[in-house]
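Report on the structure given below.
We count residues from 1, following the sequence as given.
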Amino acid sequence: MEVPKDQMTTLLDNGLYDSAQLLGCFLVSSAITNIEANPYVKVENLVLQGDALFGEKEFRRALSMYKQALQHCKVIPKQTTNYSRSSLSTSSRSSSPNSINASAINENEVKFKIALCYCALSENRAALLEMEGIPPKARTLRMNLTLGKLYRISRHSRSAIACYKDCLRHSPYILEAITALAELGISSKEILSLFPQTPNRGGRPPFDHMDAPRWLHLYVEAQCCIASNDYKGGLDLFSELLQRFPNNVHIMLEIAKVEAVIGRNDEAIMNFEKVRSVDPYVMTYMDEYAMLLKSKSDQAKLNKLVHDLLNIDSARAEVFVALSALWERKDERRALSYAEKSLRTDDRNISGYIMKGNLYLSLNRPDVAATAFRAAQELRPDLRSYQGLVRSYLALSKSKEALFTAREAMKVMPQSAKALKLVGDVHASSSGGREKARKFYESALRLESGFLGAALALAELHVVEGRNKDAVSLLERYLKDWADDSLHIKLAQVFAASNMLSDALSHYQAALRINPQNEAAKKGLDRLEKQMKGMDPDAPEDEEENEAEDAEGDHEETELL
């Protein structure tokens, strides 16, 4: 052979993909000349060149090489392949199944490599078709895990469950299979029963699932609690795990993610900051953290986060969501382009859909916003997607749909004060529903006395019904315990509406001392200054943002209060 194949293998094993693909050009062209003498060599060389190109992330070229190899593989006589030993079945790079004959092993491996190329190119349907061509008995652990993901993306839940179950039968420590099964509705008891527990032929001791490490039981239970919307139970179990594994980045991230999902924003921010202090290079869920910083108007931290993420890996979907959050106040169109880019990078990115929905609401496109929020909700029920859907439906004058969505959020999260407030918001949008709205806001405050969102909504309801003194009394009571800029802004608005302009001025200034970046305070102060100068604050150039999230409904929710 003019080009030694073992040198190509050495380059690949050492990760020198650039050098390997250059050498592979010689290897493949050399093999063409003597394909009649040993046709199997051609297959091996094409696969090696495909591996080099895959390592260089030239997935289209790698795909072409693997497909050519597969075509040649199909026409090679069986007797030729029986005596040939392929690098595919021996190399550490390969993921070959322990199967019967060389030709079957090679074909299955090549199909898997083709599927991996399609996955890298986000052509999941083609990848799934290729994977289904591999006989079930010939699939490796990695193949089953990949197939499970593809089935799940394609919404073939039953087939996905079968693949993930098969993974856990081989190893109970595949945590992503545990999480996937929990999210697909499998109970913790059934998941634990999958763990290997019978003696094997080698005489090794059995792995009884009752003897599995306590932490693994806790992990399964926690994921199943979260998947079934028992957020409190899940957080308690994750906290217990964290005591046993202090500074466990994965567990801290899971806790922070759940807190963000249920609207416990301050706690989520604190936990994300802990994660970054332990591992400043982590990327997982940093899009969630970016959205929380945006909601707090903490531009300094958001700026630093985006800068850090760009330096770690500028091609991840999390980075594009963070960029979208950063640009939202400066340039909504640019922010939207980043949100869209995050979804092109990963079409299962929930934060990307939520950012997209919120931006389309800001651009007065509630129809498109509703589609984005529904896409997020299909991936995972989330308080933010419910809130977005309610706002979208109200903007579209679809009161019944808004009320149905708000009730659904309350049923999914029965212990959530924010879900109760959401139902109140729908009722508050119509004059006939204000009394119901008041009851829901008061129920939310009984459930969570420090929930400022409900206090602000109740104060707004007082103002709408002409009870300005009650609104001031309520807000001042909360100000004794919470130095919050939003409370000062609402008080300033009430005082301005009551023509008590100096009091309004002092509260706008107090809000800006707490948060100099607060846009609502800046706009309110500008409006107030015009009032104090005798100018019309409602001139066309000033458009106040007023996010009312509400419409009417019937009796059913009273028993849920």
[atom1]/[X] to [atom2]/[Y] distance, rounded to the nearest 0.5 angstrom?
X: N265; Y: M270; atom1: CG; atom2: CE; answer: 12.5 Å
X: C167; Y: M143; atom1: SG; atom2: CE; answer: 12.0 Å
X: M286; Y: L305; atom1: CE; atom2: CG; answer: 7.0 Å
X: S64; Y: I114; atom1: OG; atom2: CD1; answer: 10.0 Å
X: E254; Y: N248; atom1: CD; atom2: CG; answer: 10.0 Å
X: L141; Y: C163; atom1: CG; atom2: SG; answer: 11.0 Å

Are the side chain of [X] and the backbone N or O of [Y] linked by a donor-acceptor pair below 3.5 Å?
X: S324; Y: F320; result: no
X: Y353; Y: F373; result: no
X: S154; Y: H156; result: no
X: S342; Y: A339; result: yes
X: T179; Y: E176; result: no
X: S228; Y: C225; result: yes
X: N271; Y: E267; result: yes

Minimum heavy-atom separation for [X] and [Y], please, with both atom names.
X: P135; Y: N108; value: CD-OD1, 3.4 Å
X: P172; Y: L216; value: O-CD2, 3.8 Å
X: D313; Y: M283; value: O-CE, 3.5 Å
X: A227; Y: A182; value: CB-O, 3.1 Å
X: A160; Y: L184; value: CB-CD1, 4.2 Å
X: A222; Y: L237; value: N-CD1, 3.5 Å

Residues [X] and [Y] bridged, charged N to O under 4.0 Å:
X: E273; Y: R276; result: no
X: R61; Y: E56; result: no
X: K113; Y: D51; result: yes

Would you list the pairs meeting salt bridge (charged side-chain N to carboxylate O under 4.0 Å, His left out) in which at least one residue belongs to residues 345-354, sequence neighbours left out?
none
Listed partners of H307 passing ring-ring contact (aromatic ring centres under 6.0 Å, His included), at least two apart:
none
F54: which residues meet the ring-ring contact (aromatic ring centres under 6.0 Å, His included) condition with it, sequence neighbours left out?
F59
Within-4.5 Å side-chain heavy-atom neighbours: [X] and [Y]:
X: T405; Y: Y393; value: yes
X: Y338; Y: K356; value: no
X: M355; Y: L336; value: no
X: Y164; Y: L194; value: no
X: F245; Y: W215; value: yes
X: P366; Y: L396; value: yes
X: F440; Y: K421; value: no
X: R142; Y: F112; value: yes

Applying ring-ring contact (aromatic ring centres under 6.0 Å, His included) as the test, list every pair that has at least one member in residues 262-281; sequence neighbours left out.
F272-Y289
Kindly determine whether L242 and I255 satisfy side chain to side chain contact (heavy atoms under 4.5 Å, CB included), including the steps that lead there.
CA-CA 10 Å; L242 198 58; I255 290 172; 4.1 Å; yes
Between L403 and H427, is a side chain to side chain contact (heavy atoms under 4.5 Å, CB included) present by the stated rule, with each step listed?
CA-CA 8 Å; L403 188 57; H427 287 304; 4.0 Å; yes
Apply salt bridge (charged side-chain N to carboxylate O under 4.0 Å, His left out) to [X] and list each qualifying residue two or more places apart in sequence or on a separate chain.
X: E288; result: R380, R384
X: K274; result: none
X: K304; result: D308
X: K165; result: E190

The side chain to side chain donor-acceptor pair (under 3.5 Å) partners of Y386 (sequence neighbours excluded) come to E408
Under 3.5 Å side-chain donor-acceptor pair for R446 and S443
yes
Not counting sequence neighbours, list each pair that qualifies as a side-chain hydrogen bond (donor to acceptor under 3.5 Å, both in side chains) and has a residue in residues 236-245.
K232-D236
Listed pairs under 3.5 Å, donor-acceptor, residues 121-134 side chains, sequence neighbours left out:
from, atom 1, to, atom 2, distance (Å)
E123, OE2, R60, NH1, 3.1
E123, OE2, R60, NH2, 2.3
E132, OE2, Y151, OH, 2.9

Let's go through L70 and K111 carefully: what are the C-alpha distance in whole Å and the side-chain angles of both, what is the deciding distance for side chain to side chain contact (heavy atoms under 4.5 Å, CB included) to 0.1 Å, and is it a yes or a no?
CA-CA 8 Å; L70 197 59; K111 285 177 183 177; 4.1 Å; yes
Could you tell me which residues satisfy side chain to side chain contact (heavy atoms under 4.5 Å, CB included) with L310, sequence neighbours excluded, listed by chain and number?
V306, S314, V319, L323
CA sep, side-chain torsions, deciding dist, call: S351, V321, side chain to side chain contact (heavy atoms under 4.5 Å, CB included):
CA-CA 7 Å; S351 300; V321 173; 3.9 Å; yes
Stepwise salt bridge (Lys or Arg N to Asp or Glu O under 4.0 Å) test for R365 and D367:
CA-CA 6 Å; R365 292 291 308 280; D367 51 336; 3.5 Å; yes
Carefully, step by step, assess R316 and D287 under the rule salt bridge (Lys or Arg N to Asp or Glu O under 4.0 Å).
CA-CA 10 Å; R316 288 273 292 258; D287 45 355; over 6 Å; no
Looking at the rings of Y219 and H250, which for Trp means the six-membered one, are their centres under 6.0 Å apart?
yes
